[in-house]
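Here the structure comes first, spelled out in structure tokens, and everything after it is commentary.
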Amino acid sequence: ACGDGTVAGPGGTAGGTLKWGWSTVTSWDPVTSSAGWDVHLLSLVYAGLTKLDEKGNAVPALATGWKYDAAGTTLTFTLRPGLKFSDGTALDATAVKKSLERGRDFPKSLIAAQLANVKSVTAPDATTVVIGLAQADYQIPNLFAGKTGMIVSPAAFEADATALATKPVGAGPFTLTAYVQNAKATLTRNPDYWDAANIKLGGFEAYPLPEPATVVAALQSGQYDVAQIPGSQVEAAKAAGLPVQVIPSLVVAVLDVNIAKKPFDDPKVTEALRYAVDRAALLKTAQFGHGDVAYQPFPKGYAGYSNSLEGIYQHNPDKAKQLLAQSSYGTSPVEVVITTAKAEGVPEQLQSQLNAAGFKATIEVIPQAQATQLVYVQHSKALFVDQFAGRDSAVQAFQVLFGKEGLMNPGRQTPPELADALAKVSRTPLDDPSYPSVLQAATAVAVKSMPNVFLYSVPRILARRANVSAIPEFTAVQRFEGVTVS
Amino acid sequence: MSTLLAVDGLDVTFDRHRVLADLSLHVQAGEILGIIGETGSGKTTLARAVVGLSPVRAGRITFEGTDLTALRGKARRAWRRAGQVQYVFQDPLRALDPQHTVARIVAEGLVVAGTLDRAAIDARVRAALAQVGLDQSLAARLPGQISGGQRQRVLLARAVALQPRLLLCDEPVSALDASNRNHVLRLLADLRDRSGVTVVVISHDLSSLAGIADRVAVLYGGRLVEQGPIGRVLSEPRHPYTALLTASAPSVRREHPIPARALRPAPDHRPVAAFGPDACSYASRCPFATQACVTAPSTAGSEWSVACHHADAWRSRLAVGAMSTRRTA
Amino acid sequence: MTTLLSRPAPVAVAKPDPAPPKRRSRRWIGTLATPVVVFVFSSLLTFGLGALSPSNPAAAVLGETATPADIARMNHEFGLDRPLPVQYVDWLFSALRGDLGRSYFTTIPVADSIFAALPVDLALAGLAILLAVLIGGAAGIGAALRQGGRLDRTVTAVASALGTLPPFVLGIGLIIIFSVLLKALPAGGYVPLENGLGQWLRFAILPALALSLDIAASIARQLRTSLVGQLGENYVTGAVVRGLGTRRVLFGHALRNAIGPALTVLGIGVPMILGGAVVTEKIFNLPGLAQLALQASGQHDVPLIQGTLLVTVTVVLICNTLVNIAVLRLTPQGKR
Amino acid sequence: MSTLTAVRLPSARLALSVLAVVTFLAVAGGTVAPHDPLLQDPDLALRGPSLIHPFGTDYLGRDVFSRLLAGTGTTVVAALESVGVGLALGVLPGLASLWLGRTVEWVLLRAVDAVMTLPFIVFAIAVTGILGNGLSQAMVAIGVLFAPLFFRVTRAAGLSLTRAHYVEAAELFGASRWRILRTHVWGKVVPTVAVTAAQATGGALLAVSSLTFLGIGVQPPAPTWGGVLASELGFLSQQPWAPVIPAALIMVAVAALNALADAIRPGGAA
Amino acid sequence: MSAVLRVDNLHVSVGGGSGTSSAGAAAAREAVRDVSFTIGRGESVGLVGESGSGKTLTCRAVLGVLPPGVAVTGGGIHLGGGSSGADVELTGLDRRGWDAVRGNRLAAVFQDPASYLNPSLTVGRQLAEQLRLKRRLPRNQTRAAAVELLAAMGLRRATAVYDQYPHELSGGMLQRALIAIAVAGEPELLVADEATTALDAAVQAEVLDLLRQLREERGLALLLVSHDLAVVAEVCDRVAVFYAGEIVEQGPTADVIANPRHPYTEALLRVASLGDWRRRDLEVIPGRPPEPGAMPVGCRFAARCAHATDTCATPVALSTVDDRQVRCHRAATLELVGA
Ligand SMILES: Nc1ncnc2c1ncn2[C@@H]1O[C@H](COP(=O)(O)OP(=O)(O)OP(=O)(O)O)[C@@H](O)[C@H]1O
Ligand SMILES: Nc1ncnc2c1ncn2[C@@H]1O[C@H](COP(=O)(O)OP(=O)(O)OP(=O)(O)O)[C@@H](O)[C@H]1O
Ligand SMILES: [Mg+2]
Ligand SMILES: [Mg+2]
């Protein structure tokens, strides 16, 4: 069922349609989209001023380049000329200005916080956009590579903002032609995309994440060309003759710990938790060993990855027991509730590991949607089994994980030394040779001072049919430049 | 003889369909009254009206001075528990709880009445079974495990056990073969003779009914068309319908004073007038009907009454040819 | 009255007409009016369920940035600050006009989401019903005709076994057999009917089969029982004695009267098919209503849950009414 | 056929023995299990059957045999819970619809029709989606949906009785309504209801397993039959045989209930 | 006179295993034994006997519609040749053969007419179907022919009846409609099993008249079953008296009634309808007939017979004198009273 219709548009050849079994979006409007996963699909229809390369560095996209002033508070982007949105309207500096301002000012915007530092956006001419920042921040080009920087057609949101949820208008590599919520998104190649020459696919069909039990069969029968599979299916996929790629990603499994709540208000307990967890065992169960044990938010090879943290909280139940004994709870088992959206697997295993280390753990299941409410908003849960999807910008990632207002910092406390380290990162230009070491220092501070327990990295495991060329391995947002289906 | 049960001006209507119309009938104490009539003429409805199971719209039913139609709720229950009037259902299989043993079924009325202790009830049950000629060994069986004739007798025994004054039997013998039919009817005659129970029997079988009954009432279309001493009514019927019934009765001896054919409307029969709901109920099928029959005839006579405008005249109008036509053997 | 007039007027009717014209029309009115009443009952149930919900949608939607003022504004926007009866009436009448509100989370109109998904369910349910009728009918008739024989025992055994199988096991079993082992059919996914019947059938047949086997089993059992019952009826003996031939007796007479209970099973089967679709849709990755409900349920998206329930209920009601009409047309009391 | 004689049928006897074992496990389950059903050993995950682990181990290295034994209780209780709710909401209204006059009858019939239009799983999902995810919520929802079944069955059994001549005969003896209910109605309604309850329990078992498959109503690590089945399905490629065991367990239990229902069905086990 | 139907030494057994009773179900029991009779063209033969004497099973064997578990285990049933078709041996006929015979050459009516019609089809449709199938009438003629046939059966308002459903008609009307359907294919033989038993006296007489008329006008042969000798006496030329699965006496009806030769016939006469309206003691036949499977070796009626002697315990054969057949050891010596 693939290869139906080859479209040859200006700016390059185009092949067949790629059927992708991964996920669908909560909304096609990047400003109101509420899930971290959405970025992958959104980046098919939207483009930003910048994009991230395979290593996570910002490179030109809609903008051909950018320049910071000396203070780091004014950033000037130069746009490619003659850009167009998929609705035919011009993508010029004014459009960029309006789009970014909407992201910052729209009442229902969920990216407003990221843009809070953007003081002004001006468009002195059609191809120049000037960003005025309240404080120096060299992370903006990275930030703009993600959801925050996606440029939406002002004509569309000025006409009917709610319609964007199902009818996106952007300038990405593809255009959405049909959409069934939670079921299927059909996209066709956008010949006006700035980098259309590198888009070899004629069309794209996106489906929700398949059932693990049937995903391999679904690939074999041609229901999907590419699908994300769980670690448990890797062997089966390989056995079925499907090429499998394990792509390192920014995603990391983490425990959100609320130090404002019992029993973690006692630092000894929080400390004990770090040693009670057997990350290797969890990794084995959850991922069948695909991925790495993690003690920090960044994967190996990423600029912020600090070598010094390797093995820092080796599994040591005896030490955990000792620490608990020293805590205010003494030798009696410390009761803890593991909150999760799905109890099967890691939470179950975690429960058993904690119990072996002197805790008395029980599992509480809450629906995923309520988790946002209970964990991130009301901060009413002490321990939540979570995944951090990573952010395009390292500082942004820090903010989410450790910032006072950070989503995954339910305790709402940030030690001053961490705040200082972060401020330093922001102030350091990315091309500054000291940038990696500054960032790694901040990572080390965070991991040692914050209660978050990182567990293991979650690579993106893609299995594909043999007729699909290898998928480029992007750590942050999956991109499809150069992919072909024959 | 005194009147035990008096039905006066009874009207029963189901869903705007008038099943019994202005029906009056008296039952004397100690007699056996037969009720005959075509299917759907309202025989069952009449019997059920007496025990309070038909929706009576007008009229009175009195049993020894008690107005049964006026009884409601507690009073009616108390009256029923006394067991003075018993109704024996038409279809024995449907009237017996398939899960109860014969003994339990027969005892039910006594248990509900609550006046006797267990031993006394057992004794009465045994007596009732003996009275209807059922072997005591059947007491432990279920209705599904006995024959049709035996079921009919269980139904009778259940009624008899309460020592009623009046027994209403709805077609107790229609489902039985000739021998069994006679058996059951004889039983009713015995009951009357020995315990003085008054019996009303509904039956299609005129000949055997004539063997035991004292009087007969003939129903047609929800009205009483004739009633009187059974022997005389059946041998010299005064109503054309009664005459048709008697002429139609099969017989091993092939002799009928009037052939049935002469009493039936001809196949091309056209009624002489439009007979509405207030007309004589038989008029539209009566070969002797005239314009006079558009009104319901009054019932004439007391011991032997007939409701026909032409009770005395129709015989003379019998076609002479019809009289002589004998069936070819 | 009409039937009375059509006869020669003076002839008194010996037996009452068992179904006077009034009653017959009343039966039709009942058949057509009951669904309306039931719809109101069901909508109350559906709405009540939403009203019972303890979670505050505004807080859930606004997430991390929620302030009491924001929540109040959002509540107002959703109309949640009005009295419940007003909300119900408004919801119901909007629903009748095709407006089921907007999803709390995506702000996508619920009706859009549902009507994008509904054709999948309808097409699938239609195929499933067809399969159920064909398979169940053939098996039931076969078993009844060979009562006590090998076919009868096989049908009975298979039907009982199907009834004891969790539906998802059935679905995965079908995938393993037809997709993995035989590689004959796709393991999941969906192609709309517009893309051609053949294409659609390739994708729809397995899920439809998974949905229908259970109902087919019930139909087979029911049809077998009632057909055996009918075949024992006197009128069948009568028709045989008239020399009508087996096929005529079966299809012209017995089946006609035996089909009622089986149709009723089918009527009950429609909600089962639509309900069973959840599991099937999940396994076969179908973009149907049930997936939507599951998703909505996970998010406590009350308007979406209510919408899917209401639409499902309406579909069920329509199907049931059609079945009732069929039953009514097959029984003599309902004719003329 | 009376309930007692039905038990002499071989199929009924087999069914009863199966159910006796299930009942025993439901009560004793955890204590007769050879291993702690919660004891994990990730190094031994997903092993095939062995002498120590007759049904192999699951993805956390837990003993599947012990988990199935220990899961019996939860599963059975959940199924019975929904059947209980269905019985409570179905039987009494069913009888009431026959005795309490036309208005009550009409309202009850329409209400039942309304509930009958609700698709099983979708409704359960909606209920848990709105009232919160828990086995009790889900089973109450299923129970509500069982109510029409019991209502109809009770009513049907009772309806023929209100027209039965032997009930009329009892009325003619002056028997009270209560007495009639007790002596003539109850004995016929109870077997029918019992049959329905047996079948409904089977249906509930399937519903529980469907819900757990969808991730609704279960609380791992607590084992349930459906839960074990659902999780084994996730590792089909590692252990294609593994789901067969819990599936067979569910099938046998449901089949036993159906066989028992057939055997005690009034009118014989043809 | 050529025979329409010849039944030779017919044996019918019940309980061949289909679980009617739990104990001894395996042993087949003879419910009809050694039954022979012949029906000539246009002749009417009556079968009488108490309930359970095997009359219905005999009829059903002739029609080939024995209930499950009941089978012909001996003898033959022969449908005579003649104008309308070849000789047919009915026992062992295949399905197609039966379909060709039934409705065309033999037809039947039964006791409960309402149950023998499809409740969900109009009377007319069922009659029309028969006419189309068995008389090969084209579709557009069936209605007129059907209405005519209904009218010929003495149904008034035949056009209205055509469009009515079975439950809308009275028993008498239904029985006439059924007879119309039965004779639609112009059969040679009509089997009427208790066809008038459930009707009231007036209607019964009308239906019996109709049967008589059909016989006279169409030369229809009749096999009439009743437990009332009086009914048989009204219609039949010859009568066969059944007792416990055997024919105990057979002969011209008038002869048998006037001069019974078997004590059982005499007993039946005493309980039969007499056609007089005197008050009297109703006679009964004491005791009950033996059950299939528990038949005595000798005369089956002996246990209830007032004339029984020791010889009656030995098997007794059917003896033929003139056109009478009697199965009694003492037939020659007994003085029995007729009606
Ligand atoms: N419950 C009822 N509802 C409506 N009509 C009824 C009801 N009971 C009887 N009828 C009608 O009343 C009429 C008289 O019926 P009933 O049973 O009294 O007749 P019957 O003389 O006993 O007949 P049969 O000889 O067949 O027993 C019939 O036309 C019947 O259809
Ligand atoms: N289907 C059957 N299975 C077993 N025994 C049967 C079956 N049908 C009839 N019998 C038995 O065969 C015997 C003859 O039955 P049959 O019906 O021929 O009697 P009948 O003379 O027609 O009686 P009735 O006057 O009651 O109709 C009876 O003892 C009966 O119990
Ligand atoms: Mg009656
Ligand atoms: Mg018979």
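Keep in mind that this is a model prediction, so the values were computed, not measured. Just so we're on the same page: letters track the sequence lines, and every chain starts at 1.
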> Would you say the side-chain atoms of R280(E) and S208(B) include a donor-acceptor pair closer than 3.5 Å?
Replying inline: no
> About how many Å separate CG of D281(E) and CG of N182(B), when rounded to the nearest 0.5 Å?
Replying inline: 10.5 Å
What are the two closest heavy atoms between [X] and [Y], and how far apart are they?
| X | Y | result |
| --- | --- | --- |
| Q204(E) | P250(B) | NE2-CG, 3.2 Å |
| A178(B) | V271(E) | CB-CG2, 3.7 Å |
| H227(E) | L176(B) | CE1-O, 3.5 Å |
| A233(E) | S251(B) | CB-O, 4.0 Å |
| A201(E) | S248(B) | O-CB, 3.3 Å |

>> Could you check whether any side-chain heavy atom of L199(E) comes within less than 4.5 Å of a side-chain heavy atom of T39(B), counting everything from C-beta outward?
In response: no
> Are E206(E) and R261(B) side-chain neighbours, meaning at least one heavy-atom pair lies under 4.5 Å?
Replying inline: no
>> Under 4.5 Å from any heavy atom of chain E, what part of A189(B) do you find: side chain, backbone, both or neither?
In response: neither
> What part of S203(B) lies closer than 4.5 angstrom to a heavy atom of chain E: side chain, backbone, both or neither?
Replying inline: neither
>> Quick test of your reading of the model: are E50(E) and R181(B) salt-bridged, counting only N-O distances below 4.0 Å?
In response: no
> Between I212(B), I230(B), D205(B), which shows the greatest number of heavy-atom pairs under 4.5 Å with chain E?
Replying inline: I212(B)
>> I'd like to know which of I36(B), L206(B), L209(B), L244(B) tops the heavy-atom pair count under 4.5 Å against chain E.
In response: L206(B)
>> Working note: S179(B) + R288(E), criterion side-chain hydrogen bond (donor to acceptor under 3.5 Å, both in side chains); need CA distance, chi angles, decisive distance, verdict.
In response: CA-CA 10 Å; S179(B) 173; R288(E) 289 179 65 185; over 6 Å; no
>> Determine whether H183(B) and I285(E) satisfy the following criterion, side-chain contact (heavy atoms from CB on, under 4.5 Å), listing intermediate values before the conclusion.
In response: CA-CA 9 Å; H183(B) 223 128; I285(E) 309 172; over 6 Å; no
> Out of T196(E), L269(E), D200(E), which one racks up the most heavy-atom pairs below 4.5 Å with chain B?
Replying inline: D200(E)
